[in-house]
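A quick write-up on the structure given underneath.
Numbering of ligands and ligand atoms starts at 1, following listing order. What you are looking at is a predicted structure, and each value in this text was computed from that prediction instead of being measured.
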Amino acid sequence: MKTVRIFAPATIANLGCGFDIAGMAIDSTGDVLEVTAEPGSGLLIENASGVELPTEIEDNVTTPAVRALLAAYIGEKGGSDRRVHITIEKKILPGSGIGSSAASSAAAVYGLNELLGRPFTPERLVEFAMEGESLIGGGAHHADNVAPAILGGVVLIRSYEPLDIVQLPVPGNFYASVVRPHITVTTKEGRGVLPREIPLKTAVTQWGNVGGLVAGLALGDIDLVGRSMCDAVAEPVRKRFIPGYDQLKANLFAAGAAGANIAGSGPAVFAVCDTAAGAERICSVMADHFASRNIPADVYSSKISNRGTRIITN
Ligand code: HSE
């Protein structure tokens, strides 16, 4: 019987303009899972954290992800079934908007793949982990959290059918600040308010920004990255979930943010800039915003790096 201990980072999805197709890893916080596999069958999931998680195994996001990997291992690789035991130390609160379910799914499939001798590529692990995202509802079947969680850095999902994942260049001076207020917005709620159709003018705005985001990363131009982190589709209808959002955003820009927007479906908010000191300053503004409204909140700042899900020893 073998056990691995895995860290999977939190992630910011969408990055403003890239609804469901862009995301990046925030290495300063994440979930830790211990994964054990032995010959046999069956899945056991234990919650070793103070955070409430679904008690039914069928409702845990790691379940469909692990089953998808095992089915492919048996069907495609001729492997034999495994009895899998997962212990979850959940650090990212569900419903916080920084890829909570994605981190657990990513860690689970990464760990199992290691234990099986790495039969699958990281890109294939993204496909398995996406199965977990389907469980969170609201028509979600997206890779913009799981792909950066597994691969690290900034990731573009160029296509879903077939899945085509592109790791974008990460400038050396690229920092993110994130605030996670202690209010819950489920992905299902966040997706429920989205428009089903958008005017052509809105689409043109969004395309321009996605191009600007990719170009800015390729050129190492943080100002271009930041000013492309606009969102004409989801932000206008989702900002209602975040108390004082417009004021917060204005304050973040005043504090030096190059760009800011809602992280995933919210209520977390992120901002980017080009120095560690700037990221810390922006975190203070974020913390003050929610403190002044008596809403507990956690802040994180992180240099964006290419480190994704990995084995850890402690
Ligand atoms: N792209 C997804 C959304 C991410 O915005 O709904 C959810 O975390």
Electrostatic pair [X]-[Y], nearest N-O below 4.0 angstrom:
X: Asp231; Y: Lys239; result: no
X: Glu235; Y: Lys249; result: yes
X: Arg310; Y: Asp27; result: yes

Quick check on contacts: which atoms of ligand 1 are under 4.0 angstrom from a heavy atom of [X]?
X: Asp20; answer: 1 (N), 2 (C), 3 (C)
X: Phe19; answer: 3 (C), 5 (O), 6 (O)
X: Arg191; answer: 2 (C), 3 (C), 6 (O)
X: Asn145; answer: 4 (C), 7 (C), 8 (O)

Nitrogen or oxygen atoms of Arg238 and ligand 1 under 3.5 Å apart: yes
Min N/O separation Thr187 to ligand 1 under 3.5 Å: no
Asn14, portion touching ligand 1 at heavy-atom distance under 4.0 Å: side chain
Test item: side-chain donor near acceptor, Ser104 and Lys90, under 3.5 Å: yes
Sequence neighbours excluded - ring pair (Phe, Tyr, Trp, His ring centres under 6.0 Å) pairs with any residue from residues 91-125: Phe120-Phe128
Partner residues of Arg124 under the salt bridge (charged side-chain N to carboxylate O under 4.0 Å, His left out) criterion, sequence neighbours left out: Glu76, Glu127
